Amino acid sequence: MLANLRAIPFYFLRPVEVFRSYQLSDLRPDLVAGITVAVISLPQAIAYALVAGLPPQMGLYAAIVAPIVAALWGSSRQLQTTPTTALSLLVFASLSATAPPGTPQIVVAAGLLAVLAGIVQVAMGLARLGVLVNFVSDAVIVGFAAGAGVQIATSELRHLFGLSFPSGTLIETIGNLVAHLPQTNLPTLALGLGTLLLMVLLQRLKPELPAMVISLVVASAVLVVLGLSHAGVKVIGRLPSSLPPVARLPLFNLNLIADLAPGALAIAALALIQAIAIARSLAAQTGERLESNQEFVGQGLANIACGFLSGYPTGGSLSCSAINYEAGAQTALASVFSGLFTLVGMLILAPLGVFLPRAALSGVLIVVGLSMIKQRQMMHILRSSPGDGLIMVVTFVGTLFLRIDFAVLAGISMSLGYYILKTSAPRVLPVVPDDNFRHLAHQPRKPGCPQLAIFDVLGDLYFGAVNHVEETIRRHQASHPGQRFLLLRMHSVQHCDISGVHMLEGILRSYRERGGDLFLTRVRAPVLRLMKATGFYDTLGADHFLNEDEAIEYLFYKVLDPAICIYESDVRVFRECQNLPRPDHAVEILVPTDIPIRGVPDVSPRDLWQQLHSDRPPRVIDVREPREFKQGHIPHAQLVPLPTLLSEKLELARDGTVVFVCRGGRRSTRAAAIARDQGYENVAVLQGGMLAWEAAGLLKAIDYDGN
């Protein structure tokens, strides 16, 4: 928290770094890019302001102020911040219930809306919440863009036909259009359709040309030459020819703020998601390193500045950003230049607004709106992910038929909820070696090891996910009681909290109560640090954190009981299993899985060593297979394989102690229980078997002659 507070001043000192690192060699390409973007941005700003139900000058003021402020305080060198179609429609929906279009109140409300959205964005950046945009699905953007495109195209039809009726919902607009269709102004319709067709043709035949600018210039020329203004064709009117004025906003009007708050939240969220998405796509091509929190601050300050300088909410523009990049922009000053050139263009061309037909702008906006409907992306989302498809459809339908700010917030909420749902149920998959024994993979049709369960945990172990992970493991444990050991592969666990540690403690306790154990591989450093801090590392034991490449070999030779594989299972899962000895007997013998409940005394390797060198040494019976016996055994031990003990009666002297030995203690415990049932009182087992004998350094005393 303290580090976050210390970083706050640096967010606001970003312009110092921009100018300090600037090189004169970047000036020419930045100027060229700035001029190019300004040519496109100026007519767009007018059109988008009309979509928002605002005077054209508010779009121009926003297109001047926003790119300058966002570039100086943002993070991306190529991102262009201007009014956009989607945000303009969202602004219109947010203001429609507060102030009627064409009134002074809507101008004030739009400015306050920009300030509120900017404050939210700056606060999120200072709180270092930039990571949150990663959890909003692209389905929200695609669904909203498609719905916004339909809304824009539909709402512009009244201007295209030269009709006058109040704006409303999609259904109301279509109904009014049908009702007023006989009143269509044919010159207006012809000019609008001509502009629309010209723009479409230019985009297809000459995509490198500024189709919007050319189409509007041609439409204005046709208006002047044919004198269509006298035929009822409406024009935009004279544009302002002054610097953006400072707006007097009702900053303490709590009722108005409460009315605008939902829309401000939706605008802030959508603008940030769009800006970060565009900035990242450009950074992927330039190799630039982005800082999301700094970009949040830049976008927020841009909106605050727009609000106080008679503009309205803005965000990252995909079209202008792409043009900025393609024109060769090298630094953030290219966007600064674009804002300044837009100002110059507005001052020079302001009188020409009386020759700009409103129907021509409608034709352009219909093309822009329809281009927002990305059919391929929508079909791809529907086919690839049912969850994302549902989010997209809900956002699309909500944009068409509900309040747009509510639809955006609902889509974002669904996206976050879907993410939480997916992360709260991470996949926990049992894995076994492939046919070449090179990799562990989820192969449901392959049998697993009778003693060892191996799981891949494909997700984080945080409080929302631990119940699902634990239930999955415990269900498997209940259905496979013979698998007393569990190996968890943790390479996909990026984060673990205290709930995850408690879950692992419960799993460990459950397996150890059944005579088994828990082992982990590929535990990431942050997770390992938490395990050490909470004491789980010591509880589990350092030797239970295994190397991925050596884990199976270690477990096979140091932990698992080969008797299970030799006598109780006909599957050979691991490479190490392939050479297991087969029992040397003619009749198949099935050894019970459970170790006898009645305890059998044991003797430690050191104590047995001392007893073997005493006056009355015990009799040592090795119950392993002959192949294992030849690899190493206790001096003077007698080989009696467990199958022999099960099929034949034991014939030993009853006056001395008999110590049974096997690899790890499991077979010898069974053998001792059998001997005791046959009347032998003084029986014991070697504690830990030959593994413990070897670990004690006593294997050097092996009698290699087998005597």
Side-chain angles (χ1 to χ4, degrees), residues 451 484 515-517 557-568 580-581 583-585 589 591-707:
Q451 301 183 72
R484 297 183 301 116
D517 217 334
Y557 289 112
K558 302 293 185 181
V559 177
L560 303 183
D561 186 354
I564 302 296
C565 302
I566 295 172
Y567 306 123
E568 301 176 17
L580 276 177
D584 299 326
H585 51 76
I589 297 175
V591 179
T593 301
D594 295 331
I595 296 177
I597 297 176
R598 288 177 295 166
V600 178
D602 56 23
V603 57
S604 69
R606 287 294 175 185
D607 290 343
L608 178 58
W609 173 260
Q610 293 175 2
Q611 293 175 19
L612 289 173
H613 291 79
S614 65
D615 295 336
R616 299 188 62 183
R619 187 79 177 264
V620 178
I621 304 297
D622 195 321
V623 298
R624 296 178 296 164
E625 291 299 303
R627 185 183 304 181
E628 296 175 278
F629 186 80
K630 291 180 180 180
Q631 292 175 351
H633 56 268
I634 297 174
H636 307 294
Q638 179 182 351
L639 175 64
V640 183
L642 182 60
T644 303
L645 283 176
L646 293 171
S647 58
E648 301 176 8
K649 189 174 182 180
L650 189 63
E651 297 291 344
L652 296 173
R654 297 178 181 270
D655 55 348
T657 301
V658 179
V659 179
F660 291 92
V661 178
C662 70
R663 179 176 177 272
R666 190 178 180 92
R667 283 175 283 179
S668 59
T669 301
R670 291 197 186 102
I674 293 171
R676 191 168 52 189
D677 291 340
Q678 293 181 8
Y680 291 91
E681 298 292 338
N682 298 323
V683 296
V685 297
L686 175 60
Q687 187 182 73
M690 289 301 296
L691 293 176
W693 185 268
E694 180 181 359
L698 301 175
L699 196 58
K700 59 185 179 181
I702 291 177
D703 180 357
Y704 288 98
D705 295 331
N707 298 324

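The structure presented is a predicted model; accordingly, all values stated were derived computationally and were not measured.
Val661 is listed as a side-chain neighbour of Met690, based on a closest heavy-atom distance under 4.5 Å.
Closest non-hydrogen pair, Leu691 versus Lys558, comes out as CD1-O, 3.5 Å. Pro618 and Val659 make their closest contact through CB-CG2, 4.0 Å (heavy atoms, listed as atom of the first residue, atom of the second, distance). Residues Cys662 and Ser668 come closest through the heavy atom pair SG-N, 3.3 Å. Nearest heavy atoms, Leu639 versus Arg624: CD1-O, 3.2 Å. Pairing each heavy atom of Pro617 with each of Ser614, the nearest pair is CD-O, 3.6 Å. The minimum heavy-atom distance linking Val623 with Leu645 is given by the pair CG1-CD1, 3.6 Å.
Of the possible donor and acceptor atoms, one in the side chain of Trp693 sits under 3.5 Å from a partner among the backbone N and O of Leu698.
Between the CG atom in Leu608 and the CD1 atom in Ile634 there is a gap of 5.0 Å [rounded to 0.5 Å]. Rounded to the nearest 0.5 Å, atoms CG (Asp602) and OG1 (Thr669) are 8.0 Å apart. Put simply, NE2 on His636 and CG on Asp622 are 14.5 Å apart, with the number rounded to the nearest 0.5 Å. From Arg676, atom CZ reaches atom CD of Glu681 across 9.0 Å, with rounding to the nearest 0.5 Å. The line from CG of Leu686 to CH2 of Trp609 is 13.0 Å long, rounded to the nearest 0.5 Å.
Among residues two or more places apart in sequence or in another chain, the side chain to side chain contact (heavy atoms under 4.5 Å, CB included) test is passed with Ala675 by Leu650, Phe660, Tyr680, Val683. For Arg619, the side-chain hydrogen bond (donor to acceptor under 3.5 Å, both in side chains) partners at least two apart in sequence or on another chain are Gln638. Applying the salt bridge (Lys or Arg N to Asp or Glu O under 4.0 Å) test to Asp517 and every residue at least two apart in sequence or in another chain returns Arg512. Applying the side-chain hydrogen bond (donor to acceptor under 3.5 Å, both in side chains) test to Asn682 and every residue at least two apart in sequence or in another chain returns nothing. Applying the side chain to side chain contact (heavy atoms under 4.5 Å, CB included) criterion to Gln610, with sequence neighbours excluded, gives Asp607.
Salt-bridge annotation for Glu625 and Lys630: absent, with no side-chain N of the basic residue lying under 4.0 Å from a carboxylate O of the acidic one.
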